Amino acid sequence: MTHQFPSLSPEQKKELSDIAQRIVAPGKGILAADESTGTMGKRLEKIKVENSEENRRYFRDLLFSTDPSISNCVGGIIFFHETLYQKSDSGKLFPQVIKDKGIVVGIKVDKGTAGLNGTDGETTTQGLDGLSERCAQYKKDGCDFAKWRCVLKISDSCPTSVAIAENANVLARYASICQQNGLVPIVEPEILPDGTHDLLRCQYVTEKVLAAVYKALSDHHVYLEGTLLKPNMVTAGQSCAKKFTPQEVAMATVTALRRTVPASVPGICFLSGGQSEEEASLNLNAINQVPLNRPWKLSFSYGRALQASALAAWQGKTANKAAAQEAFCSRAKINGLASKGEYKASGSADQASMKSLFSASYIY
Amino acid sequence: MPHAYPFLTPEQKKELSDIAHKIVATGKGILAADESTGSVAKRFQSINAENTEENRRLYRQLLFTADERIKPCIGGVILFHETMYQKTDDGKPFTQYLKERDMVVGIKVDKGVVPLAGTNGETTTQGLDGLYERCAQYKKDGADFAKWRSVLKITPTTPSRLAIIENANVLARYASICQMHGIVPIIEPEILPDGDHDLKRCQYVTEKVLAAVYKALSDHHVYLEGTLLKPNMVTAGHSCSHKYTNQEIAMATVTALRRTVPPAVTGITFLSGGQSEEEASVNLNAMNQCPLHRPWAVTFSYGRALQASALKAWCGKTENGKACQEEFIKRALANNLACQGKYAPSGASAAGADSLFVANHAY
């Protein structure tokens, strides 16, 4: 415990830190376009489109070849493995299309969840085997960051300490391996929104989970300035009878993060979970208006919350391409504003009067 | 783990948070005047003053009654148990006198270090027995914050994992008990400056120790907004042959803190360890000029670094009272500027040290 065996040179640290800063540059966030084949199938089924490789390629192409101004609000895009090696209609490989726009390329590297025996349906995430070699290859193929999703749930008995400890540990191993290969690890300890629990319960669990995550990252000697966090917002369970305002969600979220996430972490990019596009934007906006010191960037890493309208507009028809791109651009711009606390939903009050909606932090 | 059993009401949380903010209000820091009787003996011996209860009272009185120039500098004063119940010449309890001067009263509550068997001379700190009742009494008697010092050291084999987790745990227990009585706990995990290790080694150890401390505080459900941290600055060991600049010390220290101390912690009040008065001020100043963002107040909790000259000027003689106070006021003012990044050691300018800071990925 007393001796350091530094595993990153100052140059390596600088590279990681620079990549992270570029992804969360002011007004920018992440497009999570890394749906696995199975998950993409669910999305396409909703609009009655066949889950073929070509359809998946077409839709991602639609998003990636949107107007270059998209790079004002998108700092990074997360890819699924298959997509990394697909090409645009122009014949250019997708990573190159993205890089030409000045957007950083990321890759999902986990291999899904695996059951933890003896628990009430809790899981860990697999994918560590051969991860170093895979990361080295992904770096060569144009990636500069990676993503790994762990999942926890809230129930009467969950999350248990073994689920928390195991997921924190596996996230730290993944992060350590990524950094050795020049990839910035996005650390995602998602606490599912399913359940009847209230806002305070989610806040409590989120604080415990994040405390464990950052202890594990410290134990594994991870360079925090070269990481990003992708957490859930603190919200009540989806079946909770009580409804909470975006300001309450924002206060609970920022309070939980202030109590657990060190200031050296450059950015926090929220997942959208089950939220609608507008909900996800309003909440992110409120988060960026919270009257508490926020030393990290607070931005987005949205999948559904950026793509739902685009998918609905597309319907699998080429004729709808422009409309779909327009829908995507629109959500991206809105979230770019939300990441600065400047989003004004139509019919909402101005920033000054929004402030009074925030109650004091010691209630959280 | 999944259920909260909240034990602090919003009002209790607000009280703790308000106290913490008051202590580290802009320009203010802490006078650590909590030297135990044994520690005072050493100080008085160096100035040939007798270690009597009356002398201890007279000396502390000099510090507490320094004129209004210290008001913008001192947010809180840590007292030893005996001092809590001593009075001014006019018969006013020190606690009341300090409160009337708008200084928060604190009390040292630990009972010293004890060895950890099987380690290389490492220790933990005792004082948890009956702490609950003692805190209740101290709160009644005027204390609004407390201090507990744990000690770790750097050698080729230390700090060991056991020393780190044991001290982190005992600090968390102490903090938890304090908060139940409306007392803000100052958490002090001091890593001694003894040794020949370099700056990087101290930074590494400090990061590991603080990560363990904050994990323990989380496990023990401590309300971070109602706490303060009193760490060592990150420095090379006393016997290290390489000398480091104030900017290097500042960068290493602020980097270590940014990696471990959650933004919710209200303030960081450094201990001065073996530093001279001037060194302690210049280093604190460099911290507050560091180009890295600091989400907590960064100020002082100095004992020797506020009192060394004052003590020398006093020498136990009544006629030296004014001179003693002047020395104390001088250091208080210097640190008031330092905790705002505005201190100019004689011969230097206050601004423009920016270029001396090396980028933080070198740390």
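Note that the structure is a prediction, hence the values are computed from the model and not measured. Reminder, nothing fancy here: chain letters follow the sequence lines and each chain counts from 1.
- Using a 4.5 Å cut-off between heavy atoms, A:His221 contacts chain B through both its backbone and its side chain.
- The shortest non-hydrogen separation linking B:Pro295 to A:Asn293 is CB-OD1, 3.6 Å.
- The OG1 atom of B:Thr255 sits 6.5 Å away from the CD atom of A:Glu225 when rounded to the nearest 0.5 Å.
- Note: A:Ala263 leads A:Pro6, A:Ser155, A:Pro10, A:Ala263 in heavy-atom pairs under 4.5 Å with chain B.
- Atom-to-atom distance recorded for A:Arg259:CZ and B:Leu217:CG is 12.5 Å, nearest 0.5 angstrom.
- For B:Thr9, no part lies under 4.5 angstrom from a heavy atom of chain A.
- Using a 4.5 Å heavy-atom threshold, the side chains of A:Trp296 and B:Pro263 count as touching.
- When side chains are defined from C-beta on, A:Arg258 does not count as touching B:Pro262, because their heavy atoms never get closer than 4.5 Å.
- Looking at B:Thr260, only its backbone comes within 4.5 Å of chain A, counting heavy atoms on both sides.
- Heavy-atom pairs under 4.5 Å with chain A peak, among B:Lys13, B:Lys14, B:Gln203, at B:Lys14.
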* Taking it one step at a time, do B:His3 and A:Asp156 satisfy side-chain contact (heavy atoms from CB on, under 4.5 Å)? -> CA-CA 8 Å; B:His3 286 277; A:Asp156 208 52; 3.3 Å; yes
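- Considering NE2 of B:His197 and CD of A:Gln4, their distance stands at 13.0 Å, rounded to 0.5 Å.
- Looking at A:Ser157, the atoms closer than 4.5 Å to chain B (heavy atoms on both sides) all sit in the backbone: N, CA, C or O.
- Heavy-atom distances place the backbone of A:Thr260, and not its side chain, under 4.5 Å from chain B.
- To the nearest 0.5 Å, the span separating NZ on B:Lys215 from OH on A:Tyr214 amounts to 14.5 Å.
- Contact of A:Leu224 with chain B is made through the side chain alone, with heavy-atom distances under 4.5 Å.
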